[in-house]
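Worksheet: one structure, shown below.
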Amino acid sequence: MMFEKLIIATGNAGKYKEFKEIIRSCTDKFANEIVFAPDIAKMIVDETGRNYSENAMLKAKAWSELSGLPCLADDSGLEVDALDGAPGLFSARIIHGNDVEKVSWLLHELEHEAERNAHFTASLALSVPNEYILITEGHCYGMIADSPRGINGFGYDPVFIPDGYELTFAELSQEIKNHISHRADAFKKLISFTQNKYA
């Protein structure tokens, strides 16, 4: 299966770049052209879903209906055990602020916590107009660092140390992150499913 053009439904340039790299590193038989949604139109989709999958589906469906093109959307979050799964579904909007301020909020919440286990979850939704919507979910487990480290990535990357590594996502190379991340896990499952069902 090869799409001539595929929209990545996000307004986050960092996430768009990461998706492009994940797709290109996993397969050369998915899309000839990968398009940043804001380059097609300006649209904000309200994330009113009850979980990651519903939010991803809302975005993918809205953008595919608007453009008439296949669309890949995700919703993801960081779930911290000591915070009962917070910030979770509200990771991107737990406070009104930039990434640095969100990381500062998280570290403040964990200031007196010895238990720092956490994991990222990503749900991907692939919407092909008038045909189907596919949804997969991926995870990456690890722990929260005591302080931010590294300059790569975005969001909570400077404080997330994936299992098996001593470096944060923001310190790891993009190649390594794109191999082990929650989005990579979800995309590999999507590729496997589409190759089996829609080959």
Side-chain angles (χ1 to χ4, degrees), residues 8-27 47 49 51-53 55-56 59 72-125 135-192:
I8 305 297
T10 181
N12 184 320
K15 186 183 289 189
Y16 165 70
K17 180 175 181 289
E18 187 171 295
F19 262 120
K20 275 188 73 173
E21 292 173 351
I22 289 172
I23 292 170
R24 295 304 190 208
S25 68
C26 288
T27 178
E47 298 182 16
N51 51 51
Y52 302 116
S53 294
N55 280 336
K59 289 183 279 189
L72 185 67
D74 95 310
D75 194 41
S76 56
L78 175 67
E79 301 179 17
V80 181
D81 292 359
L83 302 181
D84 297 323
L89 197 61
F90 304 100
S91 292
R93 52 190 186 277
I94 191 69
I95 62 167
H96 293 292
N98 58 30
D99 287 349
V100 172
E101 291 168 317
K102 289 167 191 168
V103 167
S104 294
W105 167 86
L106 176 62
L107 293 178
H108 179 267
E109 293 296 306
L110 291 174
E111 189 174 2
H112 303 295
E113 294 287 347
E115 170 58 65
R116 302 178 80 87
N117 288 340
H119 66 274
F120 276 113
T121 297
S123 286
L124 295 191
I135 298 174
T136 59
E137 187 168 278
H139 304 278
C140 184
Y141 292 86
M143 62 176 292
I144 304 301
D146 292 329
S147 60
R149 305 197 316 250
I151 59 173
N152 298 322
F154 56 93
Y156 299 96
D157 286 358
V159 290
F160 183 77
I161 304 171
D163 285 347
Y165 295 84
E166 296 182 356
L167 302 178
T168 68
F169 263 171
E171 293 175 302
L172 290 170
S173 71
Q174 198 65 43
E175 183 179 3
I176 293 175
K177 183 191 174 188
N178 290 344
H179 181 67
I180 66 173
S181 77
H182 46 306
R183 292 190 185 92
D185 185 33
F187 185 72
K188 289 171 187 175
K189 292 173 182 174
L190 183 69
I191 287 292
S192 177

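Among the candidates Asp157, Thr168, Leu107, the single residue satisfying the side-chain contact (heavy atoms from CB on, under 4.5 Å) test with Pro148 is Leu107.
The 12-atom threshold is exceeded at CG of Asn98, counting heavy atoms of other residues, nucleotides or ligands nearer than 6.0 Å.
A cation-pi arrangement is absent between Lys177 and Phe160, since the terminal nitrogen or guanidinium carbon is not both under 6.0 Å from the aromatic centre and inside a 45° cone about the axis.
In this structure the side chain of Asn117 reaches within 4.5 angstrom of the side chain of Glu115, judged on heavy atoms. Using a 4.5 Å heavy-atom threshold, the side chains of Leu167 and Ile176 count as separate. In this structure, the side chains of Glu109 and Val80 stay at 4.5 Å or more apart for every pair of heavy atoms. At least one side-chain heavy atom of Glu18 sits under 4.5 Å from a side-chain heavy atom of Gln174. Contact of the Ser25 side chain with the His179 side chain is not registered, since no non-hydrogen atoms from C-beta on lie closer than 4.5 Å. Using a 4.5 Å cut-off on side-chain heavy atoms (C-beta onward), Lys15 and Ser76 make contact. Side-chain contact between Pro162 and Leu172 is present, with heavy atoms from C-beta onward closer than 4.5 Å.
When all heavy atoms are compared, the tightest approach of Asp99 to Gly155 is OD2-N, 2.9 Å. The minimum heavy-atom distance linking His182 with Ala122 is given by the pair CD2-CB, 3.5 Å. Of all heavy-atom pairs spanning Trp105 and Leu83, the tightest one is CH2-CD1, 4.4 Å. Annotation for Leu110 and Ala82: closest pair CD2-CB, 4.0 Å, computed over non-hydrogen atoms. Here the closest heavy-atom approach between residue Ala186 and residue Gly138 is recorded as CB-N, 3.5 Å. Looking at every heavy atom in both residues, Ser53 comes nearest to Glu137 through OG-OE1, 4.1 Å.
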Exercise. I would like to know whether Ile144 and Glu113 meet side chain to side chain contact (heavy atoms under 4.5 Å, CB included); could you show each step before the answer?
Key: CA-CA 11 Å; Ile144 304 301; Glu113 294 287 347; over 6 Å; no
Practice problem: Applying side chain to side chain contact (heavy atoms under 4.5 Å, CB included), run through Glu166 and Ile161 and close with a yes or a no. | Solution: CA-CA 6 Å; Glu166 296 182 356; Ile161 304 171; 5.6 Å; no
Quiz item: Is there a side chain to side chain contact (heavy atoms under 4.5 Å, CB included) between Ile180 and Phe169 once you walk through the steps?
Solution: CA-CA 10 Å; Ile180 66 173; Phe169 263 171; 4.0 Å; yes
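Not a single donor-acceptor pair under 3.5 Å links the side chain of Lys59 to the backbone N or O of Thr10. Under a 3.5 Å cut-off, the side chain of Ser192 and the backbone N or O of Lys188 do not form any donor-acceptor pair. With hydrogens and angles ignored, the 3.5 Å screen pairs no side-chain donor or acceptor of Asp75 with any backbone N or O of Ala56. Checking side-chain atoms of Arg116 against main-chain N and O of Ala145 turns up a donor-acceptor pair under 3.5 Å.
Here NE2 of His119 is found 6.5 Å from NE2 of His139. Values are rounded to the nearest 0.5 Å. Here CD of Glu79 is found 8.5 Å from OH of Tyr141. Values are rounded to the nearest 0.5 Å. To the nearest 0.5 Å, atoms NE2 (His108) and CD1 (Ile95) are separated by 11.5 Å. We find the CD-CD1 distance between Glu175 and Ile22 to be 12.5 Å, quoted to the nearest 0.5 Å. Distance CG/Leu89 to CD1/Ile94: 10.0 Å, rounded to 0.5 Å. Atom CD1 of Ile8 sits about 6.0 Å away from atom CZ of Phe19, to the nearest 0.5 Å.
Between Phe120 and Tyr156, the angle of the ring planes lies from 30° to 60°, which puts this pair in the tilted group.
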